[in-house]
Q: 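Can you keep this structure in mind? I'll have questions shortly.
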Amino acid sequence: MSASPPLRELISNCALPANEVRILLALILEKHYQLPRSALLSRDDMSLNEQAFLEWERLVSRRVLGEPIAYILGKKGFHNIELEVGPGVLIPRPETELLVEIALTEIAKLNKRTRVLDLGTGSGAIALSIANAAPLASVTATDQSTEALAISKQNAQSLNLSDQVQFLLGSWYAALTEPSQFDVIVSNPPYIAHQDPHLTQGDLRFEPVSALTDYANGLSCLESIIAGTSEYLKSGGLIAVEHGFDQSEAVMELMKGAGLIDVQAHLDLAGHCRVVSGRKRL
Ligand code: GLN
């Protein structure tokens, strides 16, 4: 087989949106030629060798079939870090940075060694970005999936945060191995109701179902997590949870019902109520 058409033709003839074409082609250039992304412009008359061209075609067809870019690249940027991701974990979303910011504000206010619990850590996005930004935070991260914990532990190692973040296997608080209370509890649990059509659309089709839905009305995991504050949150401590765009009222009610005070809704970058926080009485 002869060499491929030049890069500029690969770019202009591809069925994918231009930004995605550039991301995937940059990956090929880096992997096969150790060339930086700028080569897409500076070397646009270059052809790919047979091996690189075959891989390019494979990547494009994966994307055409709907596989998320983050899984194809095997990584995703979140807050100030980059995480390895794969089909065993939810792809971190920019909206979730709101949860990280709320935790970081609380840690800065406490201005002492702070114990943070991240329930259902997945790739480790929340736990690791908190640890990365707040050296005073000592973070415990749980997940019921061994596959997810393998990825989050690997991420902790790559980011040099293994000393600051402890990973535990198990469902919500059941993962904790000793009686513990935390200054801050955060979670982005599965909150999509089981019959929600979004589960069969877009990126979600490729993500772990158990990270997306509670197989019930969408509120059952949030409810367990909030109920656990009576035992696992320190007096005066803060809990903040992410939820679906239409669940804010319900989550506020759950927190008030659990005796939490100062219950607040927080807006994400798109202006949707995305996180609710509450505090345990002193
Ligand atoms: N934010 C994700 C979505 O709607 C869902 C994440 C979750 O269930 N925790 O695509």
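Start at 1 and go down the list; that is how both ligands and their atoms are numbered.
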Q: I'd like to know if the side chain of Gln164 and the backbone of Asn132 have a donor-acceptor N/O pair within less than 3.5 Å.
A: no
Q: Report the C-alpha separation of His243 and Met252 in whole Å, then their side-chain angles, then the decisive distance to 0.1 Å, and conclude whether the side-chain contact (heavy atoms from CB on, under 4.5 Å) test is met.
A: CA-CA 11 Å; His243 57 72; Met252 289 175 85; over 6 Å; no
Q: Closer than 4.0 angstrom, basic N to acidic O: yes or no for Arg93 and Glu207?
A: yes
Q: If you define the side chain from C-beta out and look only at heavy atoms, does anything of Arg37 sit under 4.5 Å from Arg22?
A: yes
Q: Kindly work out whether a path of hydrophobic side-chain contacts (I/L/V/M/F/W/Y, heavy atoms less than 4.5 Å apart) joins Val89 to Tyr191.
A: no
Q: Which ligand 1 atoms are under 4.0 Å away from a heavy-atom of Asn188?
A: 7 (C), 9 (N)
Q: Under a 4.0 angstrom heavy-atom cut-off, which atoms of ligand 1 come close to Leu90?
A: 6 (C)
Q: In the protein, which heavy atom is nearest to atom 4 (O) of ligand 1, and how far is it?
A: Ile192 CD1, 4.0 Å
Q: As an exercise, identify every atom of ligand 1 less than 4.0 angstrom from a heavy atom of Pro189.
A: 7 (C), 8 (O), 9 (N)
Q: Is the shortest distance from a heavy atom of Ala211 to ligand 1 less than 4.0 Å?
A: yes
Q: Does Tyr191 reach ligand 1 with a nitrogen or oxygen that is under 3.5 Å from one of the ligand's nitrogen or oxygen atoms?
A: yes
Q: Do any N or O atoms from the side chain of Ser47 and from the backbone of Ser4 form a donor-acceptor pair under 3.5 angstrom?
A: yes
Q: Within ligand 1, which atoms have a heavy atom of Leu204 less than 4.0 Å away?
A: 10 (O)
Q: For atom 10 (O) of ligand 1, which protein heavy atom lies nearest, and how many Å away is it?
A: Arg93 NH2, 2.8 Å
